Amino acid sequence: MTFDLKAPPAAYILGPVRAPACLVPSFAGTADAEGLVALDIAVEGARLARLAPAGALVEAGPRLGLSGGLVLPGLVDIHTHLDKGFIWKRAPNPDGSFDGAVNAVNADRAAHWTEEDISRRFDFGLRCAYAHGTVAIRTHLDSEGPRAAGAWRVFARMREAWRGRIDLQAVGLIAIDRVLDDSAFTPFLDLVRTHGGRLGAYTYLTPNLEAGLARLFDAAERFGLGLDLHVDERDREGRGLDLLARMTLERRFEGPILAGHCCALAVKGEDEIDRTLDLVAQAGIAVVSLPMCNLYLQDRQSGRTPRWRGVTLLQEMRARGIPVMVASDNTRDPFYAYGDLDLAEVYREAARIAHLDHPHGDGPALISRAPAAHMGVEAGTLAEGSPADLSLFPARSLNEWLARPLAGRTVLRAGRAIDTMPPDYAELDDLMERPRDL
Ligand SMILES: Nc1ccnc(=O)[nH]1
């Protein structure tokens with residue numbers, strides 16, 4: 001029997017389908033060479049009712065075969081910047097560098113970031129992510145100065161408006177030097193606490209790094225907040241990850257810490273890498289790499305081909321049991337000119353850049369199980385009773401999935417196919433007229 005997933009029966013079976021074994025906690029059999037298992041999945045209403053070996057569910061309702069295609073659970077994007085997304089047309093990065101990005105964003109923010117402007121771009125980003133099968137997102141919010149309170153109000157409204165479709169979390173973002181200035185840090189901390197956010201900062205080479213981190217730890221301990229930091233992104237000489245791990249251990253800090261970027265680690269010597277990663281593992285710090293954004297930003301110099309590729313040491317981290325993830329980061333803004341909040345694209349790029357294949361192992365967990373666990377959301381695995389939020393791809397293997405641009409996916413939310421067409425860029429055209437003085 002065949003039926004339309006846009007208007008499915010109350011109970012049905014998908015199968016045989018294939019899924020990464022690392023995302024199927026109940027699976028006990030053997031996976032194929034790519035780590036995939038063949039399954040039948042019974043959907044009842046909005047939930048997965050049963051998972052069984054392919055062909056085993058005979059009585060549980062009409063069946064859709066999907067030609068043994070790949071199924072992934074609801075995907076989780078743990079590091080984004082929804083407040084600054086989709087400003088590229090009016091705020092391009094003049095030279096593609098990190099400093100060029102900071103300056104372009106600051107000018108655009110001062111000129112344009114009303115609540116209305118942030119809201120419309122934020123919602124646009126969420127609709128992109130939703131169309132691509134994402135169910136939970138953590139966003140950083142630039143949180144210094146007079147624009148900060150408005151950005152957090154937009155976030156709070158979006159968190160409510162999108163509840164049940166995308167779970168939203170936020171992190172306050174401020175330059176590490178500014179943490180030491182009461183006039184910046186006090187209102188920053190108030191906003192984070194008022195809105196149930198996490199504490200964050202972007203770190204770089206500065207004599208204030210240790211004092212700035214200490215102040216963030218103090219606040220996190222006092223108010224029971226998690227930390228989510230941009231670490232060693234700009235400077236290849238950066239040693240912030242090592243310092244962060246040491247401070248976590250010295251303070252016996254128990255709260256969750258996510259370290260983003262960690263690009264500098266890729267250009268250290270082997271001894272230093274080993275020492276740092278041992279500390280990171282001991283400190284229980286999780287790491288997210290942002291491969292697309294960092295491929296774009298790092299080592300950019302006019303007329304010269306980049307040598308430093310920005311991606312951190314995911315494989316070495318994984319081997320030590322450090323929780324690792326990959327995420328979107330910026331989208332169509334001065335930090336990254338491209339991107340569409342599509343985690344399948346992020347994984348496809350990450351797999352190529354960081355050699356996450358041969359074997360694929362638990363690679364698909366980087367955009368699903370691992371970030372879901374860190375965020376504490378019910379997503380990222382295929383289990384009986386979990387939400388019937390699935391991405392279905394016309395690919396019978398990871399090789400077929402990664403080989404071809406990701407056309408033709410079906411996204412199920414609560415067991416029903418949604419519209420997978422992302423919003424039209426033209427919707428934002430009226431926001432993109434650049435003022436004369438820029
Ligand atoms: N990679 C980034 C660093 C700081 N801010 C951003 O928006 N993005």
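Numbering of ligands and ligand atoms starts at 1, following listing order. Residues take their numbers from the sequence shown, with the count starting at 1. Just so we're clear, the structure is a prediction, and the values are computed from it rather than from any experiment.
- At a threshold of 4.0 Å, the pair Asp299-Arg304 counts as salt-bridged, since one of the basic side-chain nitrogens sits closer than that to a carboxylate oxygen.
- The ligand atoms of ligand 1 that sit less than 4.0 angstrom from a heavy atom of His261 are 1 (N).
- By the 3.5 Å distance cut-off applied to N or O atoms, His230 is not counted among the residues near ligand 1.
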Tell me which donor-acceptor pairs under 3.5 Å the side chains of residues 375-387 have, and how far apart each pair is, sequence neighbours excluded?
| from | atom 1 | to | atom 2 | distance (Å) |
| --- | --- | --- | --- | --- |
| Glu378 | OE2 | Arg47 | NH1 | 3.1 |
| Glu384 | OE2 | Leu51 | N | 3.1 |
| Ser386 | OG | Ala383 | N | 3.1 |
| Ser386 | OG | Ala383 | O | 2.7 |

Using distance only, find each side-chain donor-acceptor pair of residues 159-167 under 3.5 Å and give its atom names and separation, not counting sequence neighbours.
| from | atom 1 | to | atom 2 | distance (Å) |
| --- | --- | --- | --- | --- |
| Arg159 | NH1 | His195 | O | 3.1 |
| Arg159 | NH2 | His195 | O | 3.3 |
| Glu160 | OE1 | Arg163 | NE | 3.3 |
| Glu160 | OE2 | Arg163 | NH2 | 2.6 |
| Trp162 | NE1 | Asp123 | OD1 | 3.0 |
| Arg165 | NH2 | Ala161 | O | 3.0 |

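- Close contacts between ligand 1 and Asp329 involve ligand atoms 1 (N) [criterion: under 4.0 Å to a heavy atom].
- In Asn330, the part holding a heavy atom less than 4.0 Å from any atom of ligand 1 is the side chain.
- A salt bridge does not link Arg147 to Asp83: none of the charged side-chain nitrogens sits closer than 4.0 Å to a carboxylate oxygen.
- At a heavy-atom distance under 4.0 Å, no atom of His140 approaches ligand 1.
- Neither the backbone nor the side chain of Asp142 has any atom closer than 4.0 Å to an atom of ligand 1 (non-hydrogen atoms only).
- Distances from atom 5 (N) of ligand 1 to the heavy atoms of Phe98, Tyr202, Phe335, Tyr204 put Phe335 nearest.
- Salt bridge annotation for Asp218-Arg251: present, with a cationic side-chain nitrogen under 4.0 angstrom from a carboxylate oxygen.
- Among Asp232, Asp177, Asp235, the one residue that satisfies the side-chain hydrogen bond (donor to acceptor under 3.5 Å, both in side chains) test with Tyr204 is Asp177.
- Taking only non-hydrogen atoms, the option from Glu233, Lys84, Arg234 nearest to atom 7 (O) of ligand 1 is Lys84.
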